[in-house]
Amino acid sequence: MIRITVTSVFVDDQDKALAFYTDVLGFVKKHDVPMGEYRWLTVVSAKDPEGTELLLEPSAHPAATPFKEALVADGIPFTSFGVDDVHAEFERLSAAGVRFVQEPADMGPVTVATLDDTCGNLIQIATMNG
Amino acid sequence: MDAVFKAIGDPTRRAVLDELVDRDGQTLFEICSRLTMKHGLTSSRQAISQHLAVLEEAGLVTTRREGRYKFHHLDTTPLRSITERWPIREQS
């Protein structure tokens with residue numbers, strides 16, 4: 001049986017990413033293992049500490065930055081996270097200074113908003129309607 | 001004026017305008033998402049880009065770059081030329 005234990009997001013700076021993903025978004029640090037120049041750095045949901053880990057992976061590879069920039073130019077989120085209430089999160093995160101490129105929008109089965117993670121990515125937050 | 005009629009003569013482009021009325025200043029991704037999720041229009045991103053270029057040519061959509069982002073805005077003023085040519089009678 002295969003399952004998702006770790007998924008990753010490319011970040012410009014691991015320290016800055018850790019601060020944003022924990023202090024601002026509300027994830028909790030899980031693993032922080034030195035690996036030469038960089039770290040194996042993961043965060044998890046505070047609600048599900050044994051759940052899927054998000055690896056804050058350095059975007060050091062030369063292909064990573066052009067890829068990220070091309071996605072941002074068209075407003076395409078790198079990935080999507082679930083939240084209980086997109087509208088409430090939008091209010092909370094906006095008040096914390098987070099930049100949204102898409103305000104909460106009802107898309108039928110789902111309500112979504114898109115924010116800038118300050119590490120070179122757009123991230124979608126989503127609540128299933130209904 | 002021909003450009004305006006051409007622009008609004010297509011249902012996908014009219015849907016784009018509807019969605020920009022709903023919320024002005026959208027990324028290409030948001031426009032594509034809305035067309036897919038709310039209108040069942042599954043055109044490619046490239047196709048939607050081309051539709052936006054036609055709307056921009058007609059002056060109905062303007063784009064604004066803000067840092068790394070690009071937003072699309074609605075400008076309905078070109079539609080005025082239609083009512084100037086064929087004035088709308090006041091309802092009695």
Side-chain angles (χ1 to χ4, degrees), chain A residues 9-13 16-17 20 59 64-83 86-87 89-91 93-94 97-130, chain B residues 7-8 10-77:
Chain A
V9 61
F10 284 117
V11 299
D12 296 341
D13 179 306
K16 193 173 76 176
F20 183 83
S59 47
T65 299
F67 166 66
K68 290 166 68 177
E69 287 174 354
L71 292 185
V72 170
D74 283 345
I76 302 173
F78 182 79
T79 190
S80 181
F81 299 126
V83 293
V86 165
H87 292 279
E89 283 296 301
F90 172 74
E91 295 300 328
L93 293 170
S94 294
V98 174
R99 173 68 206 273
F100 278 81
V101 300
Q102 185 200 311
E103 293 174 14
D106 184 344
M107 298 285 187
V110 68
T111 300
V112 292
T114 304
L115 60 89
D116 185 330
D117 78 348
T118 73
C119 304
N121 307 291
L122 299 178
I123 299 292
Q124 189 174 73
I125 53 173
T127 301
M128 297 308 288
N129 295 331
Chain B
I8 62 177
D10 176 89
T12 299
R13 291 196 285 271
R14 290 197 295 274
V16 170
L17 297 179
D18 288 339
E19 291 306 320
L20 287 174
V21 168
D22 188 52
R23 192 177 85 82
D24 197 25
Q26 296 183 36
T27 62
L28 178 58
F29 177 79
E30 182 174 357
I31 293 168
C32 291
S33 299
R34 284 168 176 259
L35 293 176
T36 303
M37 304 291 280
K38 298 175 71 178
H39 300 268
L41 295 167
T42 54
S43 308
S44 69
R45 202 171 62 251
Q46 289 76 10
I48 300 305
S49 274
Q50 285 166 8
H51 282 308
L52 285 165
V54 174
L55 290 167
E56 202 171 348
E57 182 72 22
L60 289 163
V61 165
T62 58
T63 60
R64 177 175 59 90
R65 281 201 176 277
E66 189 184 320
R68 304 183 299 131
Y69 324 116
K70 183 181 178 188
F71 297 104
H72 300 79
H73 292 266
L74 178 67
D75 183 356
T76 54
T77 50

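Proteins get letters first, then strands, A, B, ... in listed order; numbering begins at 1 in each. Any value given below was found using the heavy atoms of this structure, including those in side chains, with hydrogens, waters and symmetry copies removed. A quick note: this is a predicted structure, and the numbers were derived from the prediction, not measured.
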- Max heavy-atom pair count under 4.5 Å with chain A, selected residue of R65(B), R34(B), K38(B), R68(B): R68(B)

- Note on the structure: Exactly one of D18(B), L20(B), V16(B) clears side-chain contact (heavy atoms from CB on, under 4.5 Å) with L74(B), and that residue is L20(B)

- To the nearest 0.5 Å, how far apart are CZ in F81(A) and OG1 in T127(A)? 14.0 Å

- What one should report as the nearest heavy-atom pair of P104(A) and T111(A) is CB-CG2, 4.4 Å

- Which bit of R23(B) comes within less than 4.5 Å of chain A, counting heavy atoms only: side chain, backbone, both or neither? side chain

- Where F71(B) and G25(B) come nearest, the two heavy atoms and their spacing: CD2-O, 3.6 Å

- With a 4.5 angstrom heavy-atom cut-off, which part of Q26(B) approaches chain A: side chain, backbone, both or neither? neither

- So, the part of R45(B) with a heavy atom under 4.5 Å from chain A: the answer is side chain

- Query: Which atom names give the shortest non-hydrogen contact between S59(A) and K68(A), and what distance separates them?
  - Reply: OG-NZ, 3.2 Å

- Query: Relative to chain B, which segment of L122(A) carries a heavy atom at a distance below 4.5 Å: side chain, backbone, both, or neither?
  - Reply: side chain

- Message: If I measure from the heavy atoms of chain B, does E69(A) come under 4.5 Å with its side chain, its backbone, both, or neither?
- Response: neither

